Amino acid sequence: MSKTECIAMLLAGGRGSRLGALTSKIAKPAVSFGAKYRIIDFVLSNCANSGINTVGVLTQYRPYLLHSYLGNGSAWDLDTIDGGGIAILPPYEKQSGASWYAGTADAITQNLGFIESQDPEYVLILSGDQLYSMDYQEMLANHKRHNADLTVAVMPVPWEEAPRFGIMTEDDDEKILEFNEKPAEPKSNLASMGIYIFNAKLLIDTLKADEQDPNSSHDFGGDIIPKLLHEGRRLYTYHYNGFWRDVGTIASFHETSMELLGKEPAFDLYAGPTILSNSNTMPPAYIGPDAVVDDCLAAGGVTILGTAKHSIVSLGATVGEGAIVEDSVLLPGATVKAGAHVVRAIMGENAVVEEGATLGSADTSVDYAVIGDDVVVGKEAE
């Protein structure tokens, strides 16, 4: 196989337990987002738009839907004739008996054979559950400019959120001086985005050594980066200043969905590189003659006969006559029947709110209402 300059390893095995009912049946990267997409579409589109067409996708929790959705990568133009495409890389049972990935670094370690078979110069490590638009070629150019061993994509975060991240300090030339994983008292607010470019040989050698360390938790932030920094390796940052979210909680999922709306949305799906998807082809949305629709994203196959305001109405969802949907997210196939009222809520795929029933509350002191896939809410549940 001819040498590939850069391949991507995409960590997509996360359960996303803080998303509750939304991930009871599927992995977090497979959760629908933005009316017609799934979360993993955004990072795969980044790869395609950056010309990185060999992507290993590391899956683990409830992988069936994700595997069938990804296919060979053709939906994202990754099925090229020169050896590119998507490779599904689930965990497997080793001689030691362990199988599930023990940490982010261990996940890559278990798949070093795939990396070595591609013989790349660089390895881009990504998370499958983040929402952003980035040109990875610009990050790779920065890596080369610094003659770096490892480059970490970074952005400043609010100081109060800094203890949730890997935090670093740097010099005037972007060289990393200190790195601390989730520090109680951070020295800066410059946070790792969990996006890395490694020189391939260094990555392979480092992970093989880490695998033999009984004291390691086999995590990039907790073990690999501090080790390389201690060894005096050339670690640099790549500053990103665009939109970036990790929708790890119900609140962040709802709030980020609302950031897609408005005349000047924080995350504009209509600007910048195209976001590709493997969503089913469906007929155009139908807006009935008595419908009221204001500040919504409505995907193909949608039927709106009632009122939808400041909401995301995903593929094949229905808002019945006299129904009202406000400040809500309807995932694919969700149905709000006639006369029902849904406010500040998230409805899972194919979930139903029966006629005249209510889901959610306009009271902002109350948590968002969430129902999972296929759940039916009747009037008795009010």
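Because the structure is a prediction, the values reported are computed rather than measured.
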Student: Would the distance check show the side chain of Asp41 and the main-chain N or O of Tyr37 forming a donor-acceptor pair, the cut-off being under 3.5 Å?
Tutor: no
Student: Roughly how far, to the nearest 0.5 Å, is CG of Asp171 from CG of Leu177?
Tutor: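 These two atoms lie 5.0 Å from each other.
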Student: May I ask whether Leu269 and Val329 are part of the same hydrophobic cluster, defined by side-chain heavy atoms of I, L, V, M, F, W, Y residues being less than 4.5 angstrom apart, directly or through others?
Tutor: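 They do share one cluster, since a chain of ILVMFWY contacts under 4.5 Å joins Leu269 to Val329.
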Student: Do the side chain of Ser311 and the main chain of Lys309 share a donor and acceptor less than 3.5 angstrom apart?
Tutor: yes
Student: Side chains of Phe198 and Ile115: closer than 4.5 Å at any heavy-atom pair?
Tutor: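 Sidechains of Ile115 and Phe198: no contact.
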Student: Answer yes or no: is there a side-chain heavy-atom contact under 4.5 Å between Val157 and Phe165?
Tutor: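 Of all side-chain heavy-atom pairs linking Phe165 with Val157, at least one is under 4.5 Å.
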Student: Inspect the surroundings of CD in Glu185 and state if more than 12 heavy atoms from other residues, nucleotides or ligands are less than 6.0 Å away.
Tutor: no
Student: Indicate yes or no: does Glu178 engage Lys187 in a salt bridge with an N to O separation below 4.0 Å.
Tutor: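 Yes, Glu178 and Lys187 are salt-bridged.
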Student: Compute the centroid of each ring, for Phe267 and then for Phe243, and state whether the two points are separated by less than 6.0 Å.
Tutor: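 Yes: the rings meet the under 6.0 Å criterion.
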Student: Between His143 and Ala148, is there a donor-acceptor pair closer than 3.5 Å when you use the side chain of the first and the backbone of the second?
Tutor: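 Looks like yes, one N/O pair under 3.5 Å.
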Student: Would you check if there is a donor-acceptor pair between the side chains of His310 and Glu326 at a distance under 3.5 Å?
Tutor: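 There is no such pair between these side chains.
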Student: Has the side chain of Thr237 got a donor or acceptor atom that lies under 3.5 Å from a matching backbone atom of His239?
Tutor: no
Student: Can you tell me if CD on Glu161 sees more than 12 non-hydrogen neighbours from other groups inside 6.0 Å?
Tutor: yes
Student: For the side chain of Asn46 and the backbone of Tyr132, is there at least one donor-acceptor N/O pair under 3.5 Å apart?
Tutor: yes
Student: Taking all non-hydrogen atoms of both residues into account, name the closest pair between Ala21 and Ile371 and its distance.
Tutor: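 For Ala21 versus Ile371, the nearest heavy atoms are CB-C, 4.1 Å.
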Student: For Lys182, is the NZ atom crowded, meaning more than 12 foreign heavy atoms sit under 6.0 Å from it?
Tutor: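 No - once you tally the heavy atoms of other residues, nucleotides and ligands closer than 6.0 Å, there are 12 at most.
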Student: If only atom types and distance count, is the side chain of Asp327 paired as donor or acceptor with the main-chain N or O of Val343 below 3.5 Å?
Tutor: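 No; judged by distance alone, with no hydrogens or angles, the pair does not exist.
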Student: Decide yes or no for Thr364 and Val366: does some side-chain heavy atom of the first lie under 4.5 Å from some side-chain heavy atom of the second?
Tutor: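 In short, these two side chains do not touch, never coming nearer than 4.5 Å.
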Student: Report yes if some heavy atom in the side chain of Ile346 is under 4.5 Å from a heavy atom in the side chain of Ser328; otherwise report no.
Tutor: no
Student: Are Val31 and Leu315 grouped together when hydrophobic residues (ILVMFWY) are joined by side-chain heavy atoms under 4.5 angstrom apart?
Tutor: no
Student: Regarding Asp373 and Lys25, does a basic nitrogen lie under 4.0 Å from an acidic carboxylate oxygen?
Tutor: no
Student: With distance as the sole test, does Thr151 use its side chain to make a donor-acceptor pair with the main-chain N or O of Tyr238 at under 3.5 Å?
Tutor: no
Student: Do Pro273 and Ser45 come within less than 4.5 Å of each other through their side chains, counting heavy atoms only?
Tutor: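 No, their side chains stay 4.5 Å or more apart.
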Student: Can you tell me if Thr318 uses its side chain to pair, donor with acceptor, with the backbone of Thr335 under 3.5 Å?
Tutor: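 Absent.
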Student: Using side-chain heavy atoms (C-beta onward) and a distance below 4.5 Å, is Ile250 in contact with Leu22?
Tutor: yes
Student: For the atom pair SG (Cys6) and CG (Asn53), what is the distance rounded to the nearest 0.5 Å?
Tutor: 10.5 Å
Student: Salt bridge (charged side-chain N to carboxylate O under 4.0 Å, His left out) for Glu174 and Arg145? Distances and angles first, verdict last.
Tutor: CA-CA 11 Å; Glu174 302 179 324; Arg145 179 174 67 84; 3.3 Å; yes
Student: Closest approach of Ile39 and Lys28, non-hydrogen atoms and distance?
Tutor: CD1-O, 3.5 Å
Student: Take Asp363 and Ser365 through the test side chain to side chain donor-acceptor pair (under 3.5 Å) and record every step on the way to the result.
Tutor: CA-CA 5 Å; Asp363 184 353; Ser365 67; 2.7 Å; yes
Student: Compare every heavy atom of Ser314 with every heavy atom of Ala299, then report the nearest pair and how far apart it is.
Tutor: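 Of all heavy-atom pairs spanning Ala299 and Ser314, the closest is CB-C, 3.9 Å.
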Student: Flag the pair Phe253 / Phe33 as yes when their ring centroid distance falls below 6.0 Å, and as no otherwise.
Tutor: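 That pair passes the under 6.0 Å test.
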Student: Would you sort out whether Val336 and Ile324 count as a side-chain contact (heavy atoms from CB on, under 4.5 Å), showing the intermediate values?
Tutor: CA-CA 8 Å; Val336 182; Ile324 299 174; over 6 Å; no
Student: For the OH atom of Tyr122 and the CD1 atom of Ile52, what is their distance to the nearest 0.5 Å?
Tutor: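 Between atom OH of Tyr122 and atom CD1 of Ile52 there are 12.0 Å.
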Student: Should Glu121 and Lys201 count as an ion pair when the cut-off is N to O under 4.0 Å?
Tutor: no
Student: Under 4.0 Å between a side-chain nitrogen and a carboxylate oxygen: does that hold for Glu211 and Lys208?
Tutor: no
Student: Between Leu359 and Ala369, which heavy-atom pair has the shortest distance, and what is it?
Tutor: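 So the minimum-distance heavy-atom pair works out to CD1-CB, 3.9 Å.
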Student: Is it the case that the side chains of Glu138 and Asn142 hold a donor-acceptor pair, with the cut-off being a distance below 3.5 Å and no angle test?
Tutor: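 Absent: no donor and acceptor within the cut-off.
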Student: Ignoring hydrogens and geometry, is there a side-chain-to-backbone donor-acceptor pair from Asp223 to His218 under 3.5 Å?
Tutor: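 Yes, Asp223 side chain to His218 backbone: donor-acceptor pair under 3.5 Å.
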Student: side-chain contact (heavy atoms from CB on, under 4.5 Å), that's the test. Do Thr109 and Asn111 meet it? Break it down for me.
Tutor: CA-CA 5 Å; Thr109 301; Asn111 293 284; over 6 Å; no
Student: How many angstroms lie between CD1 in Ile197 and CG in Leu126, if you round to the nearest 0.5 Å?
Tutor: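 Reported value, rounded in 0.5 Å steps: 8.5 Å.
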Student: Would you kindly say whether Asn278 and Trp76 are connected by a side-chain donor-acceptor distance under 3.5 Å?
Tutor: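 Per modelled atom types, Asn278 and Trp76 side chains form no pair under 3.5 Å.
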Student: Looking at Ser192 and Gly194, would you say the former's side chain and the latter's main chain have a donor-acceptor pair under 3.5 Å?
Tutor: yes
Student: Salt bridge check: are Arg38 and Glu349 linked by an N-O gap of less than 4.0 Å?
Tutor: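 Result for this pair is yes, salt bridge flagged.
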Student: Below 4.5 Å, heavy atoms only, C-beta onward: do Ile204 and Val123 meet side chain to side chain?
Tutor: no
Student: Verify salt bridge (charged side-chain N to carboxylate O under 4.0 Å, His left out) between Glu259 and Arg245, making sure each step is shown before the conclusion.
Tutor: CA-CA 11 Å; Glu259 288 184 290; Arg245 297 287 189 275; 2.9 Å; yes
Student: Please answer: with hydrophobic residues joined when any side-chain heavy atoms are less than 4.5 Å apart, are Val375 and Val325 in the same cluster?
Tutor: yes
Student: How many angstroms lie between CZ in Phe42 and OG in Ser277, if you round to the nearest 0.5 Å?
Tutor: 8.5 Å
Student: Is it true that Asp129 and Ser127 share a donor-acceptor pair across their side chains at a distance under 3.5 Å?
Tutor: yes
Student: Start with the C-alpha distance between Leu89 and Thr59, add both sets of side-chain angles, then the distance that settles side-chain contact (heavy atoms from CB on, under 4.5 Å), and finish with yes or no.
Tutor: CA-CA 6 Å; Leu89 303 172; Thr59 62; over 6 Å; no
Student: Hey, does Met258 have a side-chain heavy atom less than 4.5 Å from the side chain of Arg344?
Tutor: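 Not in contact.
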Student: Distance check, rounded to the nearest 0.5 Å: Trp159 atom CH2 versus Ser188 atom OG?
Tutor: 5.5 Å
Student: Taking 4.0 angstrom as the limit, do Arg164 and Glu181 come out as a salt bridge?
Tutor: no
Student: Locate the shortest heavy-atom distance separating Ile195 from Met139; write the atom from each residue and the value.
Tutor: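 Residues Ile195 and Met139, closest heavy atoms: O-CE, 3.6 Å.
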Student: Shortest non-hydrogen contact from Ala105 to Leu207?
Tutor: CB-CD2, 3.9 Å
Student: Answer yes or no on whether Arg234 is positioned over the face of Tyr236, meaning its NZ or CZ is under 6.0 Å from the six-membered ring centre and within 45° of the axis.
Tutor: no
Student: Shared ILVMFWY cluster between Val302 and Leu305, side chains joined below 4.5 angstrom?
Tutor: no
Student: What's the verdict on side-chain contact (heavy atoms from CB on, under 4.5 Å) for Leu44 and Val55, showing C-alpha distance, side-chain angles and the deciding distance?
Tutor: CA-CA 8 Å; Leu44 288 175; Val55 184; 4.3 Å; yes
